[in-house]
Amino acid sequence: MQNNIQAQLTESQKKAVFHKDGPILVIAGPGSGKTRVITYRIAALIDSGIKPYNICAITFTNKAANEMRERAALLGASAGAHISTFHSLCVRLLRRYADKTSIKPNFSIYSDAEQRTCMKHAIKDCMLETSNFSPAKMCEAVSTLKNKLMEPEAFEELADDFFSNALAKIYKKYQQILTDNNAVDFDDLLMQAAFLLERNDDTRHQLNEHFKYVLIDEYQDTNHAQYRIAKALARDHGNICVTGDPDQSIYRWRGADISNILAFEKDWPNAVVVKLQENFRSTPNILEVADKLIAANTGRKEKTLIATRQPGQDVEIMACEDENNEANNIASKINELISNGVSANKIAIFYRINAASRPLEEAFIKAKIPYQIVRGVEFYNRKEIRDMLAYLKVLANSSDETALLRIINTPARGIGKTTIGRIQAYAKENNISTYQALKRADRIATLGNGPKAKVKVFADMINGLMKDIAGPVEPLIEKLFAESGLEAALKQASEKDAIDNINALISAAAIYDKNTEEPSLTDYLQQIALFSDADAYDSSVDRVSLMTMHAAKGLEFDNVFIIGLEEGLLPHERSADNEDELEEERRLFFVGITRAKSRLSISYARYRTFRGQLMRTIPSQFLYELGISLPKSSQNPELQQEDDDYSYDEPQDCPFYPNQLIRHKKFGLGRIKQYLELGENSTVTVKFNTGQTKTLLLKYANLETIDI
DNA sequence: GGACTCTTGGTTTTT
DNA sequence: CCAAGAGTCC
C-alpha cells in the first residue's frame, strides 16, 4: 500500500489494518475511525496479495456497504470483495444453497405488514382471538425467538405456561404459513442462514475456503443469530475482524446482544485487541457533554473520549414553547447558518420518533429551507407501490398467497370474498395452491359462470406476464402496470400522486437493471425488501437532513440539532419502566450527540401536542446529565404567566431523598430513586411497588412521605 | 360485491 | 389526531 495512504492512519489504527491473520477486536468510541479501519483493511489485504473475492465485509446498512465499496476503490483496492449487510449476505446464501433448506430460491421476503397478515391468519387458525393475542405483539415474540435461533419445535418443548403454550402453537402455525407461501421474514433470513451453515459442514467449509477474511462493522449491534453466522463464517481460519462500541449499541430491542462484543476475547482467545480512543470528529465541547451523559450508564466499561480537535462553540440547550415554536426556532437558526455560508447538507436534525418530523417540515417549507427526510422505506409502504410489488411477487413466486390475495381484486374486478373463499376451498380439497386453483377455475363446481369468467381473465393476465419474468425488470413492471388494469383505475380516479409514485418505481427499476450484471425479478424483489431508511440519505444534495437518531448511526454532520428532549419522548415512555431500556435510550442520545462535528443544539418544548392535545411536558432527565445549565425561562410571556399561576402550590422545600418510602394516590407505594431540583419543574423519579418506574412533576404528584 | 360511515384502539426505534 | 376494521346499506 502506498505510503501516503499509510500516513492517513494513526499508529493504533495501523495495528488493526495491517495485522494479517487471526481474530482482531477493534473497540473504539465514536469518531475514532472504526469504519475507516475496515475499509483500509480491505485495501491492505488486497495489497498484500489476497484476492478480493476472498474478503467478506459486513456493514450495518446497504448504504454503508456502498460507501465502503467506493472508498476501498479509491484506496486502489480492486473490486470484487463481498461487502454487504448480514441480511443481504443471507439472501445470497439462501438462494445459492436453497436445496439445503426448506425454501425455494425464488422466496418472497415479507415486510412487517405482510408478516402481520400471516400472523393474523396463524392466530385465527389456532382458534385464538386477535384481540387477546395482538398480531404485532406475537410478531415481536416470534422475532425474539428467531433471533435466539429457537425453532417452533424447540420452543414448544420449553413452553410451560398459558401464554408460551399459545405462542408455541401460533409460532408453529405462522412458520407453516410462511413455508406454504415460500416466504421468509427478516429474522428467518438470519435463522435459516445460521442453520444452513451450522448443519451443513461441507457448505460451511466451502464458504470458509471462499471467504478467507471476514470483517464486521458495528459489531455491538449484532444479535445472537448474526453472532452464530459470524462464528460459522470464520470457523476454519479465525480471520475475523470486528469493530464496535458498546456505548453505541442501540438495537437491544431488536435482539442485539452487547455481550457479543464484550465476550469476543472469550470466543477467540488469541484475539488482538485494538483500542481507538481518540476522536477525530467532534470538538472537545461536544465530547465533554457526550462523556458526561454516557457516564450515567452503570452497566458499562468506562472509557473517555480523547478530543483531538480545537475547542469550538459550546453546546446549546434551547427551551421552546411547543413543537411549532421549536421547529420555527430551528428554522431561523438554520437560515442564519445558511446565510453565513454553511451548506444545507452540513446540517442535520435528529428526533426520537418519525412523527416528530412533521412540524419541522412545515416550518422548513415556510422558511424556504431545502430539506430531505431520510425515510427510505416510506416509499415502499404506499398502497399503490405495495400493490405493484404484490403483483411482482406473485409473478416471481406463485406460492405467495399473501401477495395473490392482495391483488386478486385490486383494482376491483368483481372477484369478491365469496368467490375467493370458494377457490380457496377447492385448492385445499385438491391439495393445490390457490394460484393453481385459479388456473382451473372452470373446473370449480361451486363457482357460477360470471365469477368463472372473471377469474379466468385474471388468471390469463397473470400467466401472460409470467412468461416475461426473465431478464430486466423495468419493461416487465411497465407492462404489468398497463395490463393489470392498475394504470387505468388510477387514471380514472385521477390519482396523480399514485401514478407519479409508480413511475418513480419504474425509473428505479431501470437503474437497478443498469447497475446489475444479471438483473432478475427475484433478485430485484429480494433486494428492495432489504432497503432501509438510512439508505435514502443522499449526502450529495444540498439539503438539510431530517432523521431519527437510529437512522443517524454511522453518519456525521457539522451542525446537529436534536429535538424533543422530554420525558416520555427521549427517553421514550415505553422504556421508562426498565433500567436496561433507559440506558439504551441514553446510548441513543449519545449516538445523536456524537454525530455532531462542530455545533450542537439540543432542544425541548414545554408543551407538546400528543394525540391531538396540547400537553405539559417534563424536561428529559438526560438534560441534567449533560453538565450544562438549562435555560431558565421561556420567551413567551403568556406561558410564563401561566406558570406563575401555578407557582403558589409549589412545595417550599423538598423532603425527598433517595430510597425514601412514599405513597402516591394512584400508583400506591414506592421508593424515591431520584429527585431533581428544578424549581417549579422539580421532578421525582419513583420506583413503585407495581414494578413501574415513573418520573413525576413534584408539584402535581402529591406524594405522601412515609417515615419509618 | 362494493362503497360508505362509524367506532375503536393505539402511537418507538428497523433489517 | 388518525388509521384500520366492523357494520350498514345499496
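Remember, it's a predicted structure, so these values are computed and weren't measured experimentally. Lettering of chains follows the sequences in order, A, B, ..., and the numbering in each one begins at 1.
Ion pairing between Asp217(A) and Lys34(A) fails under the 4.0 Å rule for side-chain N and carboxylate O. Lys124(A) has no carboxylate O lying under 4.0 Å from a charged side-chain N of Glu129(A), or vice versa, which leaves the two without a salt bridge.
When the nucleotides dT12(B), dT15(B), dC2(C) are ranked by their closest atom to the side chain of Glu585(A), dT12(B) comes out on top. Closest to the side chain of Ala412(A), out of dG1(B), dG2(B), dT15(B), is dG2(B).
OP1 or OP2 of dT12(B) sits under 4.0 Å from a side-chain N or O of Arg574(A). Within the 4.0 Å cut-off from OP1 or OP2 of dT15(B), not a single side-chain nitrogen or oxygen of Asn62(A) is found. Not one side-chain nitrogen or oxygen of Thr548(A) sits closer than 4.0 Å to the OP1 or OP2 atom of dT13(B). Taking only side-chain nitrogens and oxygens, Thr419(A) comes nearer than 4.0 Å to OP1 or OP2 of dG1(B). OP1 or OP2 of dG1(B) has at least one side-chain nitrogen or oxygen of Thr418(A) nearer than 4.0 Å. At dG2(B), one or more side-chain N or O atoms of Asn409(A) fall inside 4.0 Å of OP1 or OP2 (strictly under the cut-off).
Stacking of His87(A) onto the six-membered ring of dT15(B) is not present when judged by under 5.5 angstrom between centres and under 30° between planes. Ring-base stacking between Trp253(A) and dT12(B) is not satisfied when judged by a centre separation under 5.5 Å and a plane angle under 30°.
With 3.5 Å as the limit, one finds a donor-acceptor pair spanning the side chains of Asn397(A) and Ser108(A). Inspection of the Ser532(A) and Asp535(A) side chains reveals an N or O donor paired with an N or O acceptor under 3.5 Å.
A gap of 15 Å separates the P atoms of dT13(B) and dA4(C), to the nearest Å.
Thr609(A) comes within 4.0 angstrom of no nucleic acid atom, judged by non-hydrogen atoms across all strands. Counting non-hydrogen atoms under 4.0 angstrom, Lys120(A) reaches the backbone sugars and phosphates but no base. Among the protein residues, Asp187(A) comes within range of no part of the nucleic acid, since none of its heavy atoms lies under 4.0 Å from any strand. At a threshold of 4.0 angstrom between heavy atoms, the contacts of Phe86(A) with the nucleic acid are absent.
The residue among Lys454(A) and Glu573(A) whose nearest nucleotide of DNA chain B lies closer to the 5′ end is Lys454(A).
If you look at Tyr174(A) and Phe155(A), their ring centroids are not closer than 6.0 Å.
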